[in-house]
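To find a chain, count down the sequence lines: A is the first, B the second, and so on, and within it residues start at 1.
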Amino acid sequence: MSLPKIYEPHAYESDVYQAWEKSEAFLPKNRGDHRAFSLVMPPPNANGNLHIGHALTNAIQDVMVRFERMRGKASLYLPGADHAGFETWVVYEKQLTAQGKTRFDFSRSELYSQVWNFVEQNKEDMLAQLRELGASCDWSRFTYTLDEKVVATAYETFNKMWKDELIYRGERIVNYCTNHGTSFSDIEVVYKSDKSKLWYIDYPLSDGSGSIQVATTRPETMLGDTAVAVHPKDERYKKLVGKMVRLPLCDREIPIIEDEAIDPEFGTGAVKVTPAHDPNDYDIASRHNLEFVRIIDFEGKITDLAPKRFQGQSVEEAREHVVTALKKEGALAKEEDYEHSVGHCYKCDSVIEPLLKDQWFVKMAPLAKKAIEAIKNKDISFFPKSKGSQLLRYLENIRDWNISRQIAWGIPIPAYQNADDPNDWIFNSDVGQETLEIDGKTYKRDPDVFDTWFSSGQWPFVTLGYPKSSDYKHFYPLSVMETGGEILFQWVGRMIMLGLYITKNVPFKDVYIHGYVLDEHGAKMSKSKGNVIAPKEIIKEYGSDALRMGLIAGRSAGLNQGFSTAKIVGARNFCNKLWNAARFVESQCPEGYKLSKPHPKTMVDYWMLEQLRVKAQTITQKLENYQFTEAYETIYHLLWDDFADWYIEVSKHQLNKDVLAFGLINILKLAHPFAPFVTESIWRTLAWEKDMLIINGWPQLKYSYEKESKDFSRIQDVVSEIRYLRSQLHLTENNLYYKDSPFIKANADLIVALTGLLGCHEVSSGHGLHLTRANVDAWIDVEENAMRDYLIKLLEERDAHMEELKILETRLENKSYLKSAPHHIVEETRTKLAEKKNLIERFKDEVDFIEISLKRYL
RNA sequence: GGGUCUAUAGCUCAGUCGGCUAGAGCGUCUGGUUUACACCCAGAAGGUCGUAGGUUCGAGUCCUACUGGACCCACCA
């Protein structure tokens with residue numbers, strides 16, 4: 001026998017993967033279905049190890065593509081790697097720090113090439129891990145987010161947007177991390193509840209007629225105040241509007257203005273306005289043409305626009321000093337404990353400073369409008385549906401997008417600024433030089449790089465080689481985008497907007513969103529918590545197939561669910577079951593066996609073929625609807641229950657090699673998307689077909705044996721009841737007797753074999769314990785006290801059936817039910833009623849019979 | 001503050017157009033060396049489907065409110 005007793009994944013996995021790759025099975029070839037299927041991998045970070053989320057996402061994607069490939073579609077699964085701008089930068093900078101260096105020791109281009117090399121070192125390792133997971137992607141089309149075509153497309157898009165007036169340069173309040181020295185988009189800021197104080201400050205009126213009190217959580221920003229604002233309808237302050245106040249600690253006068261944005265209920269109803277350091281104040285200031293006074297710089301220090309004694313202090317120091325100074329001046333009216341949310345850097349947790357900075361912005365409203373139309377129009381479908389409406393809400397409220405990032409690692413922004421005229425910017429994609437000389441003018445390159453999402457938002461058409469490649473023609477839009485819910489807005493939303501903007505077409509037809517893999521206790525995995533599970537380790541212990549099935553099992557779209565070792569074990573056992581079923585089949589169809597068309601002879605053959613047909617259909621349907629859990633469950637039970645527990649067991653007594661082999665190969669096919677390694681390993685060992693399983697056709701079983709298969713279902717009923725009785729009554733050596741039953745007679749040997757009875761005999765009369773659940777006239781020879789025990793159970797069961805009978809009867813007596821319910825439902829109820837009556841009759845007979853028998857012996 | 005998801009067996013979850021006697025895996029209990037597999041086989045127990053209303057002939061499924069859990073967005077001076 002060529003298959004060993006236990007399936008050892010490691011003995012096969014890497015060989016099988018190499019064989020796939022070598023055979024070019026991953027290339028998208030039309031194998032019988034003219035349609036195309038395309039899927040692009042959300043590129044994992046080139047720099048990192050794969051985490052359990054990658055294992056899930058790639059498992060789902062791989063199931064999709066293997067299914068479609070087997071169906072014969074030209075199926076493209078395009079892999080990639082992400083330079084992961086900021087993420088990688090953070091890792092690299094940590095390494096620099098460890099070496100006692102900082103980024104200021106190097107030029108931008110030096111840094112860039114250093115990080116490039118750093119990433120190159122790690123990339124291969126990451127790709128090897130993808131192979132371990134079994135990802136059947138076309139490596140010849142592998143794309144890195146810094147590949148020339150990606151950069152070129154990003155530049156073209158930037159240029160087009162510039163021309164279309166969707167790009168503008170603006171001094172806006174940005175979310176700035178003074179530690180990392182870069183600004184962030186709104187979605188990269190994490191708000192956290194902070195315990196702080198609310199300070200009440202008196203601002204004296206210039207005319208000496210009193211003062212106005214403001215409340216603030218950031219007293220240090222008063223140094224940059226340029227107004228006090230109140231609500232126009234606030235009666236308390238009506239008279240004060242237009243007057244000037246003298247700003248404490250500073251030698252400045254600022255006006256009292258009115259603005260709708262003020263909430264009269266909050267604090268004192270009067271607000272200090274610091275346009276350069278607060279987004280709302282910035283808006284107010286824009287409306288009222290107020291001055292912008294920057295008193296905090298990009299290092300988080302107080303600038304020389306503030307009074308001398310605070311200059312150079314950190315924000316925190318300044319806060320303390322300002323409060324003390326205000327107290328001294330008697331301007332501080334009171335302070336209260338206060339809890340509010342404060343933005344933090346999602347990487348280093350520093351408090352985000354809202355600062356004014358010149359940045360490139362993308363006008364989002366026009367882009368979002370098209371995306372909203374496409375989603376509402378159902379040009380894109382979401383799984384689960386709710387993700388679509390979440391995205392819609394986001395798009396409907398979208399704000400302009402800051403695409404500038406102040407780090408070295410990324411795609412340089414192709415824009416140059418006139419050294420003599422700050423408002424004169426030109427586009428130039430030749431970013432190799434720091435300065436350009438044009439028409440006698442000197443232009444300096446913008447030192448910033450693009451936000452990663454600017455280029456990766458164009459991923460679907462960039463990777464396919466837009467606009468002229470044949471890949472683009474064949475595979476765009478993508479069939480489906482599979483990714484995690486956490487980047488629905490950042491990535492999915494942007495791909496839709498940019499896809500529509502550039503290609504005039506949606507980038508993908510379906511979006512499948514998966515949730516997080518939480519730890520076993522339902523907590524989010526994180527390095528700091530130490531609850532991270534590495535895919536590598538799981539593969540080592542249980543095999544790659546077990547990992548992917550264990551992750552997919554019991555998981556539904558969009559929901560966060562815990563990792564479960566029990567499920568991995570279950571999946572590993574499934575692989576072993578498959579392996580051993582194959583071993584049995586191999587022993588019955590040894591070397592030299594030739595596959596041939598299955599000809600059903602016995603009832604179990606018909607039944608098996610019918611199970612295969614029905615379940616292949618179910619699996620196909622579930623996979624088409626992205627119901628992976630359900631598809632997996634179906635193949636699991638088809639193999640384990642139908643094939644192994646019934647068909648193989650029966651085969652030990654009545655063998656039909658062709659049906660047996662046919663059953664196995666179809667199960668291997670149906671299981672292949674889920675368990676590619678073990679199924680292909682078996683396939684190769686059996687060597688019944690020349691082609692590899694990966695490109696073999698998906699089962700399409702047309703002949704229905706629905707009627708013929710019913711006979712075996714009867715056998716199953718009889719066998720199950722006998723097993724039940726034997727187990728319940730602890731029967732050991734017993735016989736089955738029957739009279740006038742050609743059905744039992746014809747299957748006597750099989751029944752004996754499957755139940756472990758001593759024998760089965762036809763008699764003209766006799767007594768014993770009758771089968772009641774199965775509709776046959778047969779009984780087992782049983783001792784009296786066993787019968788007595790069983791009588792109680794029988795009575796309980798009978799009563800339960802009577803209750804159910806009652807429910808059915810009442811339902812059928814209900815005139816509204818008969819009137820309103822659909823015909824087939826009513827018919828169904830009638831059939832059930834008849835069956836139930838029949839069953840109860842058998843119970844009654846048996847109860848009577850036992851009672852009489854027992855009495856006779858009393 | 002706005003929004004989304006979620007509550008079903010001891011645990012983790014299915015349950016798609018409302019039409020069952022509500023399912024699966026794990027765990028538990030009982031019994032098993034049956035010519036693939038103890039990573040196994042046979043059998044069983046275990047549920048007023050979060051609570052309270054409503055719609056309907058009929059609700060785990062639809063509606064309303066409440067309670068618990070998770071998450072997202074916006075952000076309060």
Side-chain angles (χ1 to χ4, degrees), chain A residues 1 3 5-7 186-187 191 198 214-218 221 229 261-263 265-268 270-274 278-281 338 340-343 384 386-387 389-390 393-394 397 399 485-486 488-489 515-516 518 520 522 524 542 546 553-556 558-562 564-567 569-588 625 627 629-630 633 636-637 644-645 648-649 652 719-720 723-728 730 732 753-756 800-801 803-804 807-808 811 814-822 824-826 828-829 832 836:
Chain A
M1 198 178 293
L3 295 172
K5 203 167 174 176
I6 295 269
Y7 173 58
D186 294 337
I187 36 194
Y191 285 89
L198 192 57
V214 297
T216 181
T217 53
R218 300 200 57 188
T221 62
I262 308 304
D263 175 11
E265 302 292 315
F266 190 91
T268 61
V271 182
K272 57 189 272 318
V273 181
T274 320
D278 183 283
N280 290 319
D281 293 1
Y338 188 66
H340 66 141
S341 69
V342 176
S386 57
K387 296 294 169 187
S389 32
Q390 277 177 37
R393 289 192 60 81
Y394 169 74
N397 299 301
R399 296 161 71 173
E486 72 278 7
L488 180 66
F489 301 149
Y516 287 118
L518 307 171
E520 300 244 15
K524 213 165 155 176
Y542 301 99
R555 188 175 294 274
S556 39
L559 294 184
N560 300 338
Q561 267 160 244
S564 157
T565 307
K567 277 179 187 155
V569 170
R572 190 269 319 259
N573 295 352
F574 175 80
C575 294
N576 195 53
K577 193 73 187 176
L578 208 43
W579 189 254
N580 275 289
R583 287 182 70 222
F584 178 81
V585 176
E586 196 199 26
S587 73
Q588 304 303 313
N625 295 318
Q627 293 169 287
T629 297
E630 291 86 341
E633 256 175 43
Y636 183 95
H637 291 291
D645 289 344
I648 287 185
E649 286 311 312
K652 289 175 183 171
V719 169
S720 298
R723 284 172 175 171
Y724 170 77
L725 293 173
R726 283 171 57 82
S727 163
Q728 289 295 306
H730 306 288
T732 48
L754 293 174
T755 54
H801 286 304
E803 286 296 312
E804 283 157 21
I807 292 169
L808 291 173
R811 195 179 299 167
N814 185 338
K815 277 179 195 151
S816 332
Y817 173 71
L818 296 174
K819 214 176 89 186
S820 321
H824 72 275
I825 297 289
V826 177
E828 224 171 79
T829 312
K832 263 186 224 159
K836 187 64 77 180

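Between the base of B/C39 and the side chain of A/R572 there is a donor-acceptor pair shorter than 3.5 Å. Side-chain to base pairing of A/K5 with B/C37: no donor and acceptor N or O lie closer than 3.5 Å to each other. Judged by atom type and distance alone, A/K567 does not reach the base of B/A24 through any side-chain donor-acceptor pair under 3.5 Å. No N or O donor and acceptor, one from the side chain of A/Q728 and one from the base of B/A42, sit under 3.5 Å apart.
Computed from coordinates, the A/L488 CG to B/C73 C1' distance equals 12 Å when rounded to whole Å. When the P atom of B/G32 is taken as reference, atom CZ of A/R726 falls 11 Å away, rounded to whole Å.
If you check the side chains of A/T565 and A/E520, you find a donor sitting under 3.5 Å from an acceptor. In this model, a donor atom of one side chain and an acceptor atom of the other lie less than 3.5 Å apart for A/N580 and A/R583.
B/C13 shows a glycosidic angle more than 90° from 0 and is accordingly assigned anti.
Residues passing the salt bridge (charged side-chain N to carboxylate O under 4.0 Å, His left out) test with A/E633, sequence neighbours excluded: none.
Taking atom P on both nucleotides, B/A44 is separated from B/C37 by 25 Å, rounded to a whole Å. Rounded to whole Å, the separation between the C1' atoms of B/G47 and B/A14 comes to 15 Å. Across B/G50 and B/G60, the matching P atoms stand 10 Å from one another, rounded to whole Å. Straight-line distance between the C1' atoms of B/G23 and B/A9: roughly 10 Å, to the nearest whole Å.
Here the side chain of A/R555 pairs no donor or acceptor atom with the backbone of A/G515 at under 3.5 angstrom.
Of the listed nucleotides (B/C57, B/C20, B/G43), B/C20 has the atom at the smallest distance from the side chain of A/E828. Closest contact between the side chain of A/A566 and the listed nucleotides B/A42, B/C26, B/A14 involves B/C26.
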